[in-house]
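A short worksheet on the structure shown next.
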Amino acid sequence: MKNIILGACLLAALAASGCKKKKTAPPPPELTVTLVDPGQSPLEPLRYAIPAGTVVKTLLDIRDSEAVAEETEDSADAFGVLPGFKLLLHAGPTTLWAKGTRYVLRISKAESVLPEGVTEVQMAEAEQGVQALRGMRGRFDLNGQGIVEDADVPWAQGQERIHPRVAITIGNVRSALATIPLPREPVGIGAVWEVRRPLRIWSARVTQVTRYELTDRVGGRFRVAITVHQVAAPQVADLNPQLEMHVRGYEMHARGHALADLGLPLALEAALESSSAADIALVSPEKTEPLMSARRSVLRLVSKSER
């Protein structure tokens with residue numbers, strides 16, 4: 001596949017899973033939320049209680065603010081162009097189920113934001129991916145902690161035409177940022193909790209730890225500071241039958257914040273800035289090609305409730 005983007009690793013603040021070709025690609029299992037510090041008294045539970053019929057429209061904008069890469073013509077051809085993108089997401093109308101809220105998340109609009117100097121072929125590939133994204137949808141059953149217990153997400157439909165960066169981004173934006181997972185225990189201002197998630201990015205094993213700190217709460221609305229850390233140990237991953245990716249080092253750090261409402265399935269606003277560095281080698285039967293990349297990316301999410 002021409003668009004085998006190691007840039008997927010470079011926006012790994014958002015990566016949730018690899019892009020395996022399956023008829024149905026369910027989201028990765030939601031993991032346990034671990035409370036690190038309960039915060040200051042008074043301690044009160046945080047729980048989503050989303051009314052039936054709630055509709056939310058969300059604009060998701062992700063793009064690179066800075067990128068540095070040492071690559072040859074061959075590696076550029078293997079990785080493809082790395083676009084930014086804008087998605088308009090539509091969630092709802094919500095319905096109730098035994099443990100919380102059920103909703104359908106749909107991509108109603110999609111747009112690529114391409115860097116300067118792309119070829120006509122690369123522009124055509126990006127447009128194919130945008131066309132495949134438009135109208136895609138998935139159903140989620142959300143419990144009171146904001147954790148999905150069941151889902152039907154056929155994102156794999158048209159996956160060959162969707163840019164890998166976009167495909168691996170959608171799941172983790174939803175689970176880590178668009179809907180803030182909450183601890184079981186009562187918490188106060190200053191509370192800290194973590195979600196640890198093992199990822200598979202192009203078959204490479206990556207560990208992600210997302211940490212949330214409760215900075216403010218007024219009624220059903222609350223703010224959290226967010227940090228994300230990813231690291232990959234040295235390893236060998238298969239990109240395709242003719243090409244291996246030898247990961248010699250990879251690390252990513254991201255910081256941001258979010259404003260959420262316990263009566264909405266998606267956050268009202270969120271922002272995240274990430275920086276990452278990858279040291280890899282592409283190994284084929286003919287040669288070994290080193291590649292070092294550093295990248296800074298910016299994510300912004302804004303929602304509007306129509307309930």
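Numbering starts at 1 and runs along the sequence shown.
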Q: Quickly, which of Arg255, Arg211, His253, Met252 forms a side-chain contact (heavy atoms from CB on, under 4.5 Å) with Val228? Name it, please.
A: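 In the set Arg255, Arg211, His253, Met252, the residue that makes a side-chain contact (heavy atoms from CB on, under 4.5 Å) with Val228 is Met252.
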
Q | Check against side-chain contact (heavy atoms from CB on, under 4.5 Å), Thr34 and Val195 | A | CA-CA 6 Å; Thr34 301; Val195 177; over 6 Å; no

**Q.** Test item: side-chain donor near acceptor, His229 and Glu251, under 3.5 Å
**A.**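 There is such a pair between these side chains.
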
Q: Please check if any side-chain donor atom of Glu194 sits under 3.5 Å from a side-chain acceptor atom of Tyr212, or the reverse.
A: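 Per modelled atom types, Glu194 and Tyr212 side chains form no pair under 3.5 Å.
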
Q. Hey, mind stepping through Glu213 and Thr227 against side-chain contact (heavy atoms from CB on, under 4.5 Å) and telling me if it holds?
A. CA-CA 9 Å; Glu213 180 182 355; Thr227 60; over 6 Å; no

Is any side-chain heavy atom of [Y] closer than 4.5 Å to one of [X]?
X      : Y      : answer
Asp261 : Ser305 : no
Tyr48  : Ile180 : yes
Arg139 : Asp150 : yes
Glu44  : Arg217 : yes
Arg223 : Glu269 : yes
Leu89  : Leu105 : yes

Q. Excluding sequence neighbours, so at least two apart, what forms side chain to side chain contact (heavy atoms under 4.5 Å, CB included) with Pro183?
A.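 Once residues adjacent in sequence are excluded, the partners of Pro183 under the side chain to side chain contact (heavy atoms under 4.5 Å, CB included) criterion are Val33, Leu35, Glu185, Val187, Trp193.
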
Q: Can you sort out the partners of Pro45 under side chain to side chain contact (heavy atoms under 4.5 Å, CB included), two or more places apart, ordered by chain and number?
A: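 If we apply the side chain to side chain contact (heavy atoms under 4.5 Å, CB included) test to Pro45, skipping adjacent residues, the hits are Pro186.
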
Give, for atom [atom1] of [X] and atom [atom2] of [Y], the distance between the pair rounded to the nearest 0.5 Å.
X      : Y      : atom1 : atom2 : value
Gln145 : Leu46  : CD    : CG    : 10.5 Å
Ile62  : Leu299 : CD1   : CG    : 4.0 Å
Arg102 : Asp141 : CZ    : CG    : 4.0 Å
Ser303 : Leu266 : OG    : CG    : 5.0 Å
Thr58  : Ile107 : OG1   : CD1   : 12.0 Å
Thr101 : Leu96  : OG1   : CG    : 6.0 Å

Q. Would Glu244 and Leu282 count as a side-chain contact (heavy atoms from CB on, under 4.5 Å) if you check the C-alpha gap in whole Å, the side-chain angles of each, and the deciding distance to 0.1 Å?
A. CA-CA 6 Å; Glu244 290 182 341; Leu282 299 180; over 6 Å; no

Could you state whether [X] and [Y] fall into the same hydrophobic cluster, counting links through intermediate Ile, Leu, Val, Met, Phe, Trp or Tyr residues with side-chain heavy atoms under 4.5 angstrom apart?
X      : Y      : value
Val192 : Phe222 : no
Ile50  : Leu262 : yes
Val56  : Val302 : no
Tyr250 : Leu243 : yes
Val148 : Val104 : no

Q) Transitive ILVMFWY cluster of Val283 at side-chain heavy atoms under 4.5 Å: who else is in it? A)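 When side chains under 4.5 Å apart are linked, Val283 ends up in no cluster with other residues.
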
Q.
Please determine whether a side-chain nitrogen of the Lys or Arg among Arg300 and Asp61 lies less than 4.0 Å from a carboxylate oxygen of the Asp or Glu.
A.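 Looking at Asp61 together with Arg300, the answer is no, because their closest N to O distance does not fall below 4.0 Å.
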
**Q.** NZ/NE/NH1/NH2 to OD/OE distance under 4.0 Å, Glu149 and Lys99
**A.**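 Salt bridge: yes.
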
Tell me the closest heavy-atom pair linking [X] and [Y], and the distance in Å.
X      : Y      : result
Pro38  : Leu43  : O-CD2, 3.4 Å
Pro265 : Thr54  : CD-CG2, 4.1 Å
Leu301 : Ala178 : CD1-CB, 4.0 Å
Ile226 : Ala258 : CD1-CB, 3.9 Å

Polar side-chain atom of [X] near backbone of [Y] as donor-acceptor pair, under 3.5 Å:
X      : Y      : value
Arg106 : His90  : no
Gln235 : Arg205 : yes
Trp97  : Leu142 : yes

Q: Please check if atom CZ in Arg47 has more than 12 non-hydrogen atoms from other residues, nucleotides or ligands closer than 6.0 Å.
A: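 Yes, because the 6.0 Å sphere around CZ of Arg47 holds more than 12 heavy atoms from other groups.
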
